[in-house]
Structure formats: C-alpha cells, structure tokens
Undergrad: 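Please read through the structure below; I'll follow up with questions.
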Amino acid sequence: MNYDVTVIGSGPGGYVAAIRCAQLGFKTAIIEKYNTLGGTCLNVGCIPSKALLDSSEHFYQAAHDFEAHGISVGSLKVDLAKMIDRKNDVVNQNVSGISYLMKKNKIDVHHGHASFVDANTISIAKGDGKTEEVKTDKVIIATGSKPIVPEAFNYDKKRVITSTEALNITKVPKRMVVIGGGVIGLELGSVYARLGTEVEVVEFLDRIIATMDKDCSKELMRSLKKLGMKFHLGHKVNTVTPSAKGVKVEVQKRDSDETFTLAADYCLVAIGRRPYTDGLGLGKAGVQMDEKGRILVDEHLQTNVPGIYAIGDVVRGAMLAHKAEEEGVFVAETMAGQKPHIDYNLIPGVVYTWPEVAGVGKTEDQLKEEGVPFKVGKFPYKALGRARASGDVDGMAKILAHKDTDEILGVHIVGARAADMIAEAVALMEFRASAEDCARMSHAHPTFTEAIKEAALAATDNRPIHL
Ligand code: FAD
Ligand code: NAI
C-alpha cells in the first residue's frame, strides 16, 4: 500500500485534512484506531455534548419557562436513558456521514492503531491481532487529545468520570461534583443541573471560563447560579475517593490549609486535556515534542522531520474542532504548494451553556496587558425586543475597538444564539472593519444580532439607540 499522504487520526483535523488532500489530487489514506470515524469531536465531544445540551434545555424550559408563555404541560418526567439513545443516534448519523465522505473522495480508510516504523512507513495494529504496513510520501499526525486525570483522583470510570463517561449516565444523579470551571465542566455540569442534579463546581482560579473576557465569566456565573449550580472558586481538589455508591472529594482553599469534603454520586474531572501520542512511535520517525508533550511544529505545521506534519489538539493552540479543521486544510494546501493562511487570533471560542458564550479576538485584559488603547461598547440583552419576546433577557454583547482607529479588536457575547452570532464578528474582524462600519450595517429587526450593532454604536461614540 503506497500513498502520497497518510493521515493518522480521523477527528475534525484528520478527516478534513484527508478530504482536502484528496481534492488536491493526492492519493490519500486515513488510519483510525477506533471502529468509527470522527474522533473525539463526533464520538465523545462536540456532537454528543450538544445533543444532551439541547435535550436538557428542552426539559428545563418545559419545566420552568413554558408557563410564562401560557403553555402548561402537567407533570414532567425525564427518561435519561432515552435521551442518551437519541444522543447515540445523532452520533451515529454524524460518524456514518464521515464514512460516506471518505468513500466519496476515494480515501482509503484503515482501522487499527498506527505507529511509525520510520518516517515513510507506518504499521497498523488491527483489532484481530494482525499487522499491516503502509508506505507513504507524507504524513499528517492528527491524533488529538485525552482528558487529564491526576492519579490522586482515582479515575475508575464509574464514579470518578471524565466527559466520556458523563455522556452515558442513564439515571439522573442527585449530586455531582465537577472539578474545573472550564468549558467541559460548565457544559456538562449544566446538562445535569437542568435535569435536577445538585452540581457543585470546584475551580482553582478566581473565575470560571478564565480564558474568556472577564465580563463573560461574570454574566455566565450569574446565570448558572440561577440554574442552581454552586461554585467554589479559588479552591483545588486534593483527592477523590470512589466507593460503590458515590465519591468523597477533598477540597482545599487555594491560599490556605483549610479543607472540607464534598460527597456526591459522581465526580466529573474536567481540568483540561493532554495531547495524545501514546504508542505512536514518534521516536522511530525522529519527530520531536515540546515540554508539554505536544508535537513541535513550525509555522507551516511541519515537524522537525520534513514531510511529517501535525495538526489539531496534538499541537499548540486552542483545542477546538474548527481550529483543527482549519489546520487540516492549511497543511493539505501547503503540501500542494499553495500559500494558505490561518489567523489564530480570529478563531472564535464558544461555550454552549444557556445563555451561550462566544468570543473572538482580544479580551479586555489582553489589550490592557499589551498596552493597546481601546474603547468599550456594551449592550444588554434585556434592552432587545427579540430577547423580551423569547424571554431570553440574560446576557450582553461587548465590542472592543481601537481608541484611535476604531478597528474592532474583540467581540464578546453572552446570551441566546451567541454561538451563531459570533460568525458576524469573525467576518467583521477578518475584513478589519471599524466599530462604525458595523454600526452602519443594517441588522434585521427583531433579532439578537441587533445587540452587536448597538454595542458597535456604543463603541463608536457612545450612541446606542435603544439604551
Ligand atoms: P480528535 O478529535 O481527538 O481525533 C483524534 C483521533 O485520532 C481519534 O479518533 C483517535 O482515536 C485517533 N488516534 C489517536 N492515536 C491514534 C493512532 N496511533 N492510530 C490511529 N488513530 C489514532 N470543540 C469545539 O470546537 N466545539 C465544541 O463544542 C467542543 N465540544 C467538546 C466537548 C467535549 C466533551 C470534548 C471532550 C471536546 C470538545 N471539543 C469541542 C474539542 C474537540 O473535540 C477537539 O478540539 C477536536 O476533536 C480535536 O480534533 P483532532 O482532529 O485534533 O483530534
Ligand atoms: P479547560 O481548560 O477549559 O478548563 C479546565 C479548568 O480546570 C480551568 O479553569 C482550570 O483552572 C481548572 N483546573 C485545573 N486544575 C484544577 C484543579 N486541580 N482543581 C480545580 N480546578 C482546576 O478544560 P476542559 O473543560 O477540560 O476542556 C478541555 C478542552 O476541550 C478545552 O481546552 C476546550 O478547548 C475543549 N472543549 C471545547 C468546547 C467548546 O468549544 N464548546 C466544549 C468542551 C471542550
């Protein structure tokens, strides 16, 4: 088996890279160790978590919000096992879609664990114990990431769980402790909080979603507290002890010796993910890693070995599906002699809680640190006609623009539909629009996007219309 390009890993980085390689005329193979394609994102990440977020939000709205709309539904019941079945159906539709795309693009799919024999030879250990080898001119490593779980947390996959197991609980738990107030902890924590679980989040830092703009952390925290979630900010977990029926979590105040214990049915560990290169035999190909275990790449996403590239969660940068996809296309086009470009500053970040949070570009803190003069325009959702009509009044849109040139430097939104609305901000910033450019664009009424226009008016020269 001889290929121009062999891609290792079929997540959003790998499968998109393979499709673009095939489009560009390369004879392409993809190797995936699991039976289904799509990687973390489709199997145990983006897609299943969003399916459960949508289902649980329907339940929560029926239980809490329908009445205000004049709809009574009587007594409500959650069939979590059925919710999980639906989630599995959604996953299956998506992963079979990727198999279809591989066939359509004439990409050879090999299932089995890939490891380098040398820079141009890859061995595939198949499930039936057999081994195959492929010869390849170039390689794209897209092996993704796995959850970080310290030994002291006694990860047993039953009571001490990561996102993977949290997507398959079939009975609504009474109590859940979540370690980490980042994206996974808050998305999956809110799934269970909506279904009635008492959720307590232990976060080491002084705010949740600490990589996003400070105002977003504050707004989201307020909404999640309304949902009933409890937070221990500035705390860390020392140990987690599972038993047959539950867990005991020893928590310590970050800046003192004071400790206390939380008891729960489950402890969800969501403290970040590590690049995954286990058993890949990088040493045999001579590929180097950095001090954080990520594959070291240059500005072309090429490793120190010519012809071997790496993309997605296994290299530096945000661990996001759309970042991995952009890098997949970038590498394929680079190999074809094109000159692609990725602006990493314009990769949006989204948290799919309700309200949603979305941001792109610089945060207020980053601009301060960099000494960039800026002005701020904010607009609250509660002043939007559309938000009042739907009852989604929590949230705000915020635009940061350069003080002298008015160029938009960052957009941060908390509120209904923020995940979809951030695309406008990305487009504006890709074309280096000013806040005034945005303020002069017609935004359909009544929509949530009017919050962006109003924030732009506020940033331009403090002239929002509806505030
Ligand atoms: P992965 O998707 O991890 O794929 C890597 C693939 O490589 C895997 O299938 C693995 O089995 C395979 N592999 C590894 N080693 C080998 C080997 N030696 N041989 C063969 N195959 C191998 N991101 C978003 O942008 N939006 C979201 O809403 C979102 N939600 C998420 C929710 C959860 C619960 C989690 C855990 C993650 C979420 N992410 C989200 C992050 C997103 O899933 C990752 O950023 C993305 O999947 C990374 O893509 P990748 O191609 O680099 O790697
Ligand atoms: P994260 O990096 O988003 O959050 C981890 C949090 O845990 C941080 O706030 C950190 O301060 C805290 N923490 C670390 N160690 C701790 C300790 N010992 N005790 C208490 N708190 C501790 O990581 P998370 O949530 O695990 O997600 C991993 C990756 O998956 C993220 O980088 C994200 O990019 C991706 N993802 C993206 C989603 C999206 O785009 N909507 C959804 C889910 C995951």
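Throughout, residue positions are numbered sequentially from 1 according to the sequence presented. In this text, all values refer to a predicted model and were calculated from it rather than measured experimentally.
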Undergrad: Are there over 12 heavy-atom neighbours, none belonging to Phe59, within less than 6.0 Å of that residue's CZ?
TA: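 More than 12 within 6.0 Å, yes.
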Undergrad: Any chance the side chains of Asn168 and Lys87 put a donor and an acceptor closer than 3.5 Å?
TA: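 Looking only at side-chain atoms, Lys87 and Asn168 do form a donor-acceptor pair, the distance falling under 3.5 Å.
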Undergrad: Atom CG of Leu167 and atom CG of Leu52: how far apart are they, to the nearest 0.5 Å?
TA: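 It comes to 6.0 Å.
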Undergrad: Search all heavy atoms of Leu467 against all heavy atoms of Ala383 and return the closest pair with its distance.
TA: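 Nearest pair, atom of Leu467 first, then Ala383: CD1-CB, 4.0 Å.
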Undergrad: Would the distance check show the side chain of Tyr381 and the main-chain N or O of Ala416 forming a donor-acceptor pair, the cut-off being under 3.5 Å?
TA: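 Side chain of Tyr381 to backbone of Ala416, a donor-acceptor pair under 3.5 Å: yes, one is there.
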Undergrad: Is Lys375 salt-bridged to Asp406, cutoff N-O under 4.0 Å?
TA: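 Yes, Lys375 and Asp406 are salt-bridged.
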Undergrad: Would you check, one step at a time, whether the test side-chain contact (heavy atoms from CB on, under 4.5 Å) holds for Val247 with Asp265?
TA: CA-CA 6 Å; Val247 284; Asp265 302 302; over 6 Å; no
Undergrad: Is Met396 close to Ile413 at the side-chain level, that is, under 4.5 Å between some pair of heavy atoms?
TA: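 No; the side chains remain at least 4.5 Å from each other.
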Undergrad: Looking at every non-hydrogen atom in both residues, tell me the closest pair between Ser163 and Ile184 and how far apart they are.
TA: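 Closest approach of Ser163 to Ile184, heavy atoms only: CB-CG2, 3.8 Å.
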Undergrad: So, Ser10 side chain and Gly38 main chain: donor-acceptor pair closer than 3.5 Å or not?
TA: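 Yes, the answer is positive, given that a donor and an acceptor are paired below the 3.5 Å cut-off.
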Undergrad: Would Glu454 and His466 count as having a side-chain donor-acceptor pair, cut-off 3.5 Å?
TA: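 The criterion, which ignores hydrogens and geometry beyond distance, is satisfied for His466 and Glu454.
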Undergrad: Ignoring hydrogens and angles, tell me if any N or O in the side chain of Gln252 forms a donor-acceptor pair with the backbone of Ser256 under 3.5 Å.
TA: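 Yes, because the side chain of Gln252 sits within donor-acceptor range (under 3.5 Å) of the backbone of Ser256.
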Undergrad: Check whether any side-chain heavy atom of Leu37 lies under 4.5 Å from a side-chain heavy atom of Val109, and answer yes or no.
TA: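 Yes; the side chains approach each other to less than 4.5 Å.
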Undergrad: Can you name the closest pair of heavy atoms from His443 and Glu424 and give their distance?
TA: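 Residues His443 and Glu424, closest heavy atoms: NE2-OE2, 2.6 Å.
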Undergrad: Determine whether more than 12 heavy atoms belonging to other residues, nucleotides or ligands lie under 6.0 Å from atom OH of Tyr100.
TA: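 For Tyr100, atom OH is not crowded (no more than 12 foreign heavy atoms under 6.0 Å).
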Undergrad: Would you tell me whether Gln366 and Glu370 have side-chain atoms, one donor and one acceptor, within less than 3.5 Å of each other?
TA: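 There is no such pair (donor and acceptor under 3.5 Å, judged by atom type) between the side chains of Gln366 and Glu370.
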Undergrad: Using a 3.5 Å distance criterion without hydrogens, assess whether the side chain of Lys398 forms a donor-acceptor pair with backbone atoms of Gly377.
TA: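 The answer is no, because no donor-acceptor pair under 3.5 Å joins these two groups.
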Undergrad: Looking at Arg86 and Asp89, does any basic side-chain N land under 4.0 Å from a carboxylate oxygen?
TA: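 Asp89 and Arg86: not salt-bridged.
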Undergrad: Under 4.0 Å between a Lys/Arg side-chain N and an Asp/Glu carboxylate O for Lys378 and Asp215?
TA: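 Salt bridge present between Lys378 and Asp215.
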Undergrad: Quick one: is the NZ or CZ of Lys146 closer than 6.0 Å to the six-membered ring centre of Tyr276, and within 45° of its axis?
TA: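 Judged by the rule (NZ or CZ under 6.0 Å from the ring centre, within 45° of its axis), Lys146 counts as positioned above Tyr276.
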Undergrad: Under 3.5 Å, is there a donor-acceptor pair between the side chain of Asp313 and the main chain of Ala324?
TA: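 Absent.
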Undergrad: Are a donor atom and an acceptor atom from the side chains of Glu327 and Tyr344 found within less than 3.5 Å of each other?
TA: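 The criterion, which ignores hydrogens and geometry beyond distance, is satisfied for Tyr344 and Glu327.
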Undergrad: Less than 3.5 Å apart, any donor N or O on the side chain of Thr363 or Asp365 sitting next to an acceptor on the other?
TA: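 Side-chain D/A pair, Thr363 to Asp365: absent.
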Undergrad: Evaluate side-chain contact (heavy atoms from CB on, under 4.5 Å) for Tyr266 paired with Ile169, printing each intermediate quantity in order.
TA: CA-CA 10 Å; Tyr266 293 96; Ile169 296 174; 4.0 Å; yes
Undergrad: Would you find a donor on one side and an acceptor on the other, under 3.5 Å apart, between the side chain of Arg194 and the backbone of Leu53?
TA: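 Side chain of Arg194 to backbone of Leu53, a donor-acceptor pair under 3.5 Å: yes, one is there.
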Undergrad: Using atom types as modelled and distance alone, determine if a side-chain donor or acceptor of Arg417 lies under 3.5 Å from a backbone N or O of Asp420.
TA: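 Side chain of Arg417 to backbone of Asp420, a donor-acceptor pair under 3.5 Å: no, none is there.
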Undergrad: Report yes if the side chains of Arg316 and Leu301 come closer than 4.5 Å at any heavy-atom pair, otherwise no.
TA: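 Contact flag for Arg316/Leu301 side chains = yes.
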Undergrad: Taking Lys126 first and then Asp128, would you say they form a salt bridge - that is, a charged N and a carboxylate O separated by under 4.0 Å?
TA: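 No salt bridge links Lys126 with Asp128.
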Undergrad: Strictly below 4.0 Å, N to O, side chains only: are Arg222 and Glu219 in salt-bridge contact?
TA: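 Counted as a salt bridge, because a side-chain N and a carboxylate O are separated by less than 4.0 Å.
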Undergrad: Are the side chain of Glu187 and the backbone N or O of Tyr352 linked by a donor-acceptor pair below 3.5 Å?
TA: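 Checked: pair present.
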Undergrad: Sub-3.5 Å donor-acceptor pair from the side chain of Ser55 to the main-chain atoms of Met83, do we have one?
TA: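 It does not hold such a pair.
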Undergrad: Is there any salt bridge (Lys or Arg N to Asp or Glu O under 4.0 Å) pair reaching into residues 154-178, and which pairs are they, with sequence neighbours excluded?
TA: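 Applying salt bridge (Lys or Arg N to Asp or Glu O under 4.0 Å) to every pair that reaches into residues 154-178, excluding sequence neighbours, yields Arg175-Glu198, Arg175-Glu200.
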Undergrad: Quick one: pull up OH in Tyr60 and CG in Leu227 and give me the separation to the nearest 0.5 Å.
TA: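 That separation rounds to 5.0 Å.
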Undergrad: What I'd like to find out is whether the side chain of Val269 reaches to under 4.5 Å of the side chain of Pro147, using heavy atoms alone.
TA: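 The answer is no, as the side chains (C-beta and beyond) never meet within the 4.5 Å cut-off.
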Undergrad: Identify the heavy atoms of Leu195 and Ser56 that sit nearest to each other, and give their distance.
TA: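 Shortest heavy-atom separation between Leu195 and Ser56 comes out as CD2-CB, 3.9 Å.
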Undergrad: Flag the pair Thr40 / Arg273 as yes when at least one side-chain heavy-atom distance between them is below 4.5 Å, and no otherwise.
TA: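 They are in contact (side-chain heavy atoms under 4.5 Å apart), so the answer is yes.
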Undergrad: Test Lys236 against Val251 for side-chain contact (heavy atoms from CB on, under 4.5 Å), laying out the working first.
TA: CA-CA 6 Å; Lys236 63 178 183 180; Val251 183; over 6 Å; no
Undergrad: Would the number of heavy atoms belonging to other residues, nucleotides or ligands and lying under 6.0 Å from CD of Gln23 be above 12?
TA: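 Counting neighbours around CD of Gln23, more than 12 heavy atoms of other residues, nucleotides or ligands fall under 6.0 Å, so yes.
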Undergrad: Can you check whether Val314 reaches Arg294 side chain to side chain, under 4.5 Å on heavy atoms?
TA: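 Contact flag for Val314/Arg294 side chains = no.
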Undergrad: Taking Glu356's backbone N and O only, do any of them form a donor-acceptor pair with Thr353's side chain (distance below 3.5 Å, no angle check)?
TA: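 No; zero donor-acceptor contacts below 3.5 Å.
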Undergrad: Mind checking whether Asp108 and Thr28 have side chains closer than 4.5 Å, heavy atoms only?
TA: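 Asp108 vs Thr28: side chains apart.
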Undergrad: Would Asp206 and Arg254 pass as an ion pair if we require N to O under 4.0 Å?
TA: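 Salt bridge between Asp206 and Arg254, a charged N being under 4.0 Å from a carboxylate O: yes.
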Undergrad: Does any donor atom in the side chain of His445 or Glu450 lie under 3.5 Å from an acceptor atom in the other side chain?
TA: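 Side chains of His445 and Glu450: pair found under 3.5 Å.
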Undergrad: Check the orientation of Phe260 and His235. Use parallel for under 30°, tilted for 30 to 60°, and perpendicular for over 60°.
TA: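 Rings of Phe260 and His235: perpendicular, over 60°.
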Undergrad: Quick one: closest heavy-atom pair of Asn94 and Leu42, and the distance?
TA: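 Answer, listing the atom of Asn94 first, then Leu42: O-CD2, 3.6 Å.
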Undergrad: Are Trp354 and Asp394 close enough that a side-chain donor and a side-chain acceptor fall under 3.5 Å?
TA: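 Checked: Trp354/Asp394 side chains show no N/O donor-acceptor pair below 3.5 Å.
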Undergrad: Counting only heavy atoms not in Lys33, do more than 12 fall under 6.0 Å of its NZ?
TA: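 Result for NZ/Lys33: enclosed.
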Undergrad: Looking only at non-hydrogen atoms, find the nearest pair between Val172 and Leu80 and report the distance.
TA: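 Heavy atoms of Val172 and Leu80 come nearest at N-CD2, 3.7 Å.
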Undergrad: Heavy atoms, side chains only, cut-off 4.5 Å: are Met229 and Ser190 in contact?
TA: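 Contact flag for Met229/Ser190 side chains = yes.
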Undergrad: Begin from the C-alpha positions of His412 and Val357 and carry the test side-chain contact (heavy atoms from CB on, under 4.5 Å) through to its verdict.
TA: CA-CA 8 Å; His412 307 281; Val357 185; over 6 Å; no
Undergrad: Start with the C-alpha distance between His110 and Glu32, add both sets of side-chain angles, then the distance that settles side-chain hydrogen bond (donor to acceptor under 3.5 Å, both in side chains), and finish with yes or no.
TA: CA-CA 6 Å; His110 300 277; Glu32 170 54 57; over 6 Å; no
